[in-house]
Novice: 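Please see the structure below; I have some questions.
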Amino acid sequence: MKLIKAIRGMNDLLPEDAAIWQFLEQSIRQLVASYGYKEIRTPSLEKTALFQRGIGEATDIVEKEMYTFKDRGNESLTLRPEGTAGVVRAGIEHGLLYNQQQRLWYLVDLYRYERPQKGRYRQFHQFGVEVFGLQGPDVDAEIILLTARLWRLLGLEQQLTLHLNSLGSNQARLAYRQILVDYFQEHFDELDEDSQRRLKTNPLRILDSKNPDMQSLIESAPKLFQHLDEESRQHFETLCRKLEDAGISYEINHRLVRGLDYYNRTVFEWMTDTLGAQGTVCGGGRYDGLVAELGGQNTPGIGFGMGIERVVLMLKNNHIEQQLGDAIDVYLINIGESASNQALSVAEALRNELPQLKLLTHCGGGNFKKQIKRADKSGARWALILAEEELAEGNISIKTLRAISTIETDEVNHQKAQQVDEQQITIPLVDLAGWLKQKI
Ligand code: HAM
């Protein structure tokens with residue numbers, strides 16, 4: 001029979017990586033709680049028009065990356081390629097935005113038909129934040145500080161650089177767009193095919209081109225920054241000052257324009273050089289016109305999206321799994337019929353008394369040799385041996401499978417010392433929970 005495989009670019013999360021994902025998700029939940037942000041969840045499917053209007057017709061995402069299909073009622077639907085448009089739609093629909101302040105976050109699956117490679121997938125996940133009703137720049141600084149705190153929580157702060165730019169007001173950007181079109185028009189023959197097309201649809205995106213032949217042309221192009229409106233310039237300067245006051249280093253990157261059309265003023269990306277080509281781990285910015293564009297009342301907004309898979313890759317590069325304590329504590333072996341009958345209730349009683357205990361119960365029978373092998377393979381620190389004769393006397397044996405190693409710091413030299421427990425002991429079953437309580 002021919003094997004049915006997963007869809008290209010859509011990954012399974014396997015048990016060996018689950019601990020890293022859980023660690024990251026827990027760190028995110030702890031982080032957003034400490035900033036008072038509230039969770040929002042929206043459907044994975046939305047009407048196609050939401051993304052066409054929200055993200056912009058002339059963006060790569062809408063032009064060629066969306067999973068769009070007709071449902072059985074002949075309505076065009078799209079699997080969300082990003083989170084912002086859906087959150088704005090929900091905010092308008094439920095009256096959360098107008099004349100209010102909202103600080104929201106989400107952790108969702110997203111879909112883009114891109115060419116898969118390391119760090120770039122067709123189904124991926126984002127941690128995102130969207131803030132409404134605040135003009136900034138104080139809140140612009142807040143969400144950047146929030147991301148910086150996450151890097152510190154995860155031990156990634158040395159590997160990420162903050163890139164910052166301002167796109168100015170919509171009017172200033174429109175005026176600049178014309179200046180840019182005039183400039184590139186003069187050099188039309190030096191543009192590659194993609195950029196010649198973009199000149200008509202989305203000229204700012206030409207600045208994003210990675211084509212080495214066009215780099216000097218792009219370097220010499222007029223800079224949006226020199227055409228910013230006064231208010232946006234002040235907004236940006238205040239933001240920079242706030243980041244400096246908070247001890248956050250940044251690079252001003254005039255070529256940073258972002259791939260979605262809704263941005264104005266502040267845009268930022270956190271980049272790393274540890275992931276090869278897909279080095280943007282987090283990107284976001286201000287979108288003061290989006291709520292009105294999607295039919296709501298004028299409401300300022302700002303947010304970011306962070307690629308979970310990319311953060312996981314960085315954590316793996318740092319061998320974080322070695323620090324995550326998801327190892328099994330005890331493996332309960334049962335030898336003989338009465339032991340086998342009682343094993344589950346002994347295990348349940350232990351879980352009642354020690355909710356934090358990680359206990360694996362042997363299932364499927366087998367002799368002592370087979371069971372102890374399993375116990376060892378499970379990575380447990382102790383095997384609990386519930387054996388017929390000992391049980392008859394109300395006892396249980398505990399075999400230490402692994403010693404915990406501790407690094408002892410000597411004033412003179414560093415010595416690795418191993419603290420090895422007794423190899424095997426037998427204790428009354430009633431004392432077992434107390435014994436374990438002292439050890440874990
Ligand atoms: P974005 O720049 O399209 O922005 O995506 C944000 C992040 O998602 C990227 O920096 C990257 O880490 C990750 N990402 C994007 N595409 C992929 C992919 N194919 N595979 C893996 N990771 C990927 C947005 O989506 C905006 N909605 C962010 C935002 C929220 N701006 C304001 N609010």
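Worth knowing before you read on, the calculation uses all heavy atoms, side chains too, and leaves out hydrogens, waters and symmetry mates. All ligand and atom numbering here is 1-based and tracks the order in the structure.
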Novice: With a 6.0 Å cut-off on ring centres, are Phe225 and Phe236 close enough?
Specialist: yes
Novice: Show which atoms of ligand 1 fall inside a sub-4.0 Å distance from at least one heavy-atom site of Gly284.
Specialist: 31 (N)
Novice: Determine the interplanar angle of the Tyr35 and Tyr37 rings, folded into 0 to 90°, and report it as parallel if under 30°, tilted if 30 to 60°, perpendicular if over 60°.
Specialist: perpendicular
Novice: Could you tell me the residue and atom name of the protein heavy atom closest to atom 26 (C) of ligand 1, and the distance to it rounded to 0.1 Å?
Specialist: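 The closest one turns out to be Tyr262 OH, 3.3 Å.
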Novice: Among all protein heavy atoms in this structure, tell me which lies nearest to atom 30 (C) of ligand 1, with the distance rounded to 0.1 Å.
Specialist: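 Answer, as residue, atom name and distance: Thr84 OG1, 3.0 Å.
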Novice: Tell me whether Glu142 is salt-bridged to Arg103, with the criterion being a basic N under 4.0 Å from an acidic carboxylate O.
Specialist: yes
Novice: Return the closest protein heavy atom for atom 14 (N) of ligand 1 as residue, atom name and distance.
Specialist: Phe124 CE1, 3.4 Å
Novice: Counting non-hydrogen protein atoms only, what is the nearest one to atom 13 (C) of ligand 1? Give residue, atom name and distance.
Specialist: Gly307 CA, 3.6 Å
Novice: Specify the protein heavy atom at minimum distance from atom 20 (N) of ligand 1: its residue, its atom name, and the distance to 0.1 Å.
Specialist: Tyr121 N, 3.0 Å
Novice: Please work out whether any backbone atom (N, CA, C, O) or any side-chain heavy atom from C-beta onward of Arg310 is under 4.0 Å from ligand 1, and answer side chain, backbone, both or neither.
Specialist: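 Looking at Arg310 and ligand 1, just side chain atoms fall under 4.0 Å.
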Novice: Is Glu231 salt-bridged to Arg265, cutoff N-O under 4.0 Å?
Specialist: yes
Novice: For ligand 1, which atoms sit closer than 4.0 Å to a heavy atom of Arg120?
Specialist: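 It comes down to these atoms of ligand 1: 19 (N), 20 (N).
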Novice: Check this for me: does any side-chain nitrogen of one of Asp194 and Arg197 sit under 4.0 Å from a carboxylate oxygen of the other?
Specialist: yes
Novice: Ignoring hydrogens, just give me the one of Arg258, Gln117, Glu82 whose non-hydrogen atom is nearest atom 1 (P) of ligand 1.
Specialist: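 Heavy atom nearest to atom 1 (P) of ligand 1 belongs to Arg258.
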Novice: Closest non-hydrogen protein atom to atom 21 (C) of ligand 1, residue and atom name please, with distance?
Specialist: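 For atom 21 (C) of ligand 1, the nearest protein heavy atom comes out as Gly119 O, 3.3 Å.
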Novice: Give yes or no for whether the N/O distance cutoff of 3.5 Å, strictly under, is met between Tyr287 and ligand 1.
Specialist: no
Novice: I'd like to know whether Trp270 forms a ring-ring contact (aromatic ring centres under 6.0 Å, His included) with His163, so could you lay out the CA-CA distance, the side-chain angles of the two residues, the decisive distance to 0.1 Å, and finally the verdict.
Specialist: CA-CA 6 Å; Trp270 284 98; His163 291 243; 9.2 Å; no
Novice: State whether Glu82 and Arg80 are salt-bridged, where the test is any N-O pair (Lys NZ or Arg NE/NH1/NH2 against Asp/Glu carboxylate O) under 4.0 Å.
Specialist: no
Novice: Where do Arg258 and Arg205 come nearest, in terms of heavy atoms and distance?
Specialist: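 So the two residues come closest at O-NH1, 3.4 Å.
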Novice: Nearest to atom 12 (O) of ligand 1, what protein heavy atom do you find, and at what distance?
Specialist: Thr280 O, 2.9 Å
Novice: So, Asp140 and Arg286, do they make that salt bridge, N to O below 4.0 Å?
Specialist: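 The answer is yes: the pair qualifies as a salt bridge.
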Novice: Is a side-chain donor-acceptor pair under 3.5 Å present for Asn264 with Asp288?
Specialist: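 The answer is yes; a qualifying pair exists.
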Novice: Which of the listed options, His125, Gln126, Lys118, holds the heavy atom that is closest to atom 6 (C) of ligand 1?
Specialist: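 It is Gln126 that holds the nearest heavy atom.
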Novice: Look at the rings of Tyr287 and Tyr262 and say which category their plane angle falls in: under 30° parallel, 30 to 60° tilted, over 60° perpendicular.
Specialist: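 Ring orientation of Tyr287 relative to Tyr262: perpendicular.
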Novice: Taking non-hydrogen atoms only, is Tyr263 closer than 4.0 angstrom to ligand 1 via side chain, backbone, both or neither?
Specialist: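 Side chain only.
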Novice: In terms of side-chain geometry, is the basic nitrogen of Arg29 or Glu25 positioned less than 4.0 Å from the acidic oxygen of its partner?
Specialist: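 No.
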Novice: Suppose I only count heavy atoms of Gly305 and a 4.0 Å limit; which atoms of ligand 1 are within that range?
Specialist: 6 (C), 7 (C), 28 (C), 29 (C), 30 (C)
Novice: Under 4.0 Å from a heavy atom of Cys282: which atoms of ligand 1 are those, numbered in the order shown and with their elements?
Specialist: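 Answer for ligand 1: 10 (O).
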Novice: Work out whether the distance between some heavy atom of Gly128 and some atom of ligand 1 is less than 4.0 Å.
Specialist: no
Novice: Is there a polar contact, in the sense of an N or O pair closer than 3.5 Å, between Val281 and ligand 1?
Specialist: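 For ligand 1, there is an N or O atom that lies under 3.5 Å from one belonging to Val281.
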Novice: Return the option from Glu130, Arg115, Gln123 holding the heavy atom at the smallest distance from atom 33 (N) of ligand 1.
Specialist: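 Among Glu130, Arg115, Gln123, the closest heavy atom to atom 33 (N) of ligand 1 comes from Glu130.
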